[in-house]
Protein chains: 2
Amino acid sequence: MQIELKPFQALTLWKEIAISEVRDDAHDLTMRQLAVLLTVYLEPPPHTIRGMAAKLKVTKPAITRALDTMGGYGLVDRHRDEKDKRNVLVKRTVKGALYVEKLGDLVIAKARGLPL
Amino acid sequence: MQIELKPFQALTLWKEIAISEVRDDAHDLTMRQLAVLLTVYLEPPPHTIRGMAAKLKVTKPAITRALDTMGGYGLVDRHRDEKDKRNVLVKRTVKGALYVEKLGDLVIAKARGLPL
DNA sequence: CGAGATCATTTCGGTTCCGTATCATTTTAT
DNA sequence: ATAAAATGATACGGAACCGAAATGATCTCG
């Protein structure tokens, strides 16, 4: 699929996806939670709380809470790092992978449907 | 700009923008507020509270609150409809237009920087 | 071994947002 | 004229989230 992405189309794409997320709020993730989720699923591990807090420029409790919430949804998992038991490593789950995959499909579908 | 948008790239784009929004939280808009904002700026008027509530499948108070918040930021404005004084019409502002324009630039910039 | 550093979590007070229900205003229809 | 409908705003109780600070566990290193 080839698209000529211009500002209006880019924003329309973003709008359509935002609306889809609001409408079918399967989980009602905040922007922050989404940023955490996509970081975990798109960037190579390991992912620590401190590392993600630094990356997103938010406090550590904010990351902890985001993981609490998404962990409750089954979208991510946490395990102690056996090498350094102070660390907690964020792990992917099957359910989370499915969710992210569906989000990718949504972006593609919306991009395909853009008025070009 | 031409991009071959594949699932991983699409998600990476979405991730990068989500992170940018979280990082430089100029206004820290929620997904819902963003959906409202982009609807107002990308779709032809008029925009009523009821109409947007229906479009986003959320309750009217949720729209009212989103407009309260973004109105406080100066991103949108509200006026009574003189034709039917029950209605409130959501209006665009210069500040809001600038914000949306910058968001468009961000999407373009991130899309341009994707590993293709 | 022990003091200090590091890491994640919890606690705290405060803010924001949610949906339901209600209210005030205006329009429509009888 | 007046009852009913429609529209947006508000009140309310509950839930989620925020950052700062305190806590508990673990590691580092002198």
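All values derive from a computational prediction rather than experimental measurement.
- The main-chain N or O of B:R86 is found under 3.5 Å from a side-chain atom of B:R80 such that the two form a donor-acceptor pair.
- For the pair A:H79 NE2 and D:dT26 C1', the interatomic distance rounds to 19 Å; values are reported in whole Å.
- Looking at every heavy atom in both residues, A:M31 comes nearest to A:W14 through SD-CZ2, 4.4 Å.
- Rounded to a whole Å, the NZ atom of B:K91 is 14 Å from the P atom of D:dG8.
- The backbone N or O of B:D77 sits nowhere less than 3.5 Å from a side-chain atom of B:T93 that would complete a donor-acceptor pair.
- Taking 4.0 Å as the cut-off between side-chain N and carboxylate O, A:D68 and A:R78 count as a salt-bridged pair.
- The side-chain contact (heavy atoms from CB on, under 4.5 Å) with B:V90 is formed by just one residue from the set B:V36, B:V76, B:L37, B:T39; it is B:V76.
- If one axis is set at each end of the helix from C:dC1-D:dG30 to C:dT30-D:dA1 from five pairs, those axes are 10° apart, to 10°.
- A single hydrophobic cluster is seen to contain both A:Y73 and A:L34, as judged by linkage of ILVMFWY side chains at heavy-atom distances under 4.5 Å, directly or through other members.
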Below 3.5 Å is the cut-off: list the nitrogen or oxygen pairs between protein and nucleotides 27-30 of chain C, distance only.
from	atom 1	to	atom 2	distance (Å)
C:dT27	OP1	B:K85	N	3.2

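- At distances below 3.5 Å, not a single donor-acceptor pair connects side-chain atoms of B:K60 with backbone N or O atoms of B:I49.
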Check: protein-nucleotides 9-17 of chain C nitrogen or oxygen pairs below 3.5 Å:
from	atom 1	to	atom 2	distance (Å)
C:dT9	OP1	A:R78	NH1	3.1
C:dT9	OP2	A:T64	OG1	2.9
C:dT9	OP2	A:R78	NH1	3.4
C:dC17	OP1	B:Q33	NE2	2.9
C:dC17	OP2	B:T69	OG1	3.2

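- In this structure, the CG atom of A:N87 is 7 Å from the P atom of C:dC7, given to the nearest Å.
- Side-chain heavy atoms closer than 4.5 Å link hydrophobic residues (I, L, V, M, F, W, Y) into clusters, and following such links, possibly through other members, connects A:L42 to A:I17.
- Atom CZ of A:R50 has 12 or fewer neighbouring heavy atoms from other residues, nucleotides or ligands inside a 6.0 Å radius.
- A donor-acceptor pair under 3.5 Å links the side-chain atoms of B:R92 to the main chain of B:V40, judged by distance alone.
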